[in-house]
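Every value quoted in this text rests on a predicted model; they were computed, and no experiment measured them. Position 1 is the first residue of the sequence; numbering continues from there.
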Amino acid sequence: ATVGLHLKRQGVTVRHQSPTSTQIEAMVQLYQLGLPLPIVGQRLGFDAATVHRHLRVRGVRLRDTHGR
């Protein structure tokens with residue numbers, strides 16, 4: 001994620017990479033600890049929609065927008 005930010009600041013266009021199985025597992029763990037989707041994504045270098053999609057594929061029960 002850090003390298004990507006540096007490249008972006010320099011104006012380099014990079015292809016988006018799909019998360020690895022290790023990153024998806026980290027998404028699941030962080031989300032289950034109570035972190036919201038945008039924060040999980042930010043920590044791992046993905047947007048909230050990507051995190052949401054991979055959590056659904058994994059069968060993770062998603063909280064509503066109020067964290068319930």
**Complete:** Minimal heavy-atom distance between Tyr31 and Val40, with the atoms involved, is N-CG2, 3.9 Å
**Prompt:** What are the two closest heavy atoms between Met27 and Phe46, and how far apart are they?
**Reply:** CE-CD1, 3.7 Å
**Prompt:** What distance do Gln32 atom CD and Arg63 atom CZ have between them, rounded to the nearest 0.5 Å?
**Reply:** 9.0 Å
**Spacing of CD1 belonging to Ile39 relative to CG belonging to Leu33, to within rounding of 0.5 Å** = 13.5 Å
**Request:** Starting at CZ of Arg61, measure out to CG of Leu55 and round the result to the nearest 0.5 Å.
**Result:** 14.0 Å
**Item:** Straight-line distance of Leu37 CG to Leu62 CG, nearest 0.5 Å
**Value:** 6.5 Å
**Message:** Could you check whether any side-chain heavy atom of His6 comes within less than 4.5 Å of a side-chain heavy atom of Val12, counting everything from C-beta outward?
**Reply:** no
**Item:** Exercise: identify the closest heavy-atom pair between Ser21 and Arg58
**Value:** O-NH2, 3.9 Å
**Prompt:** For the residue pair Val51 and Gly41, what are the closest heavy atoms and their distance?
**Reply:** CG2-CA, 3.5 Å
**Asked** Between Gln23 and Leu44, which heavy-atom pair has the shortest distance, and what is it?
**Response** O-CD1, 3.7 Å
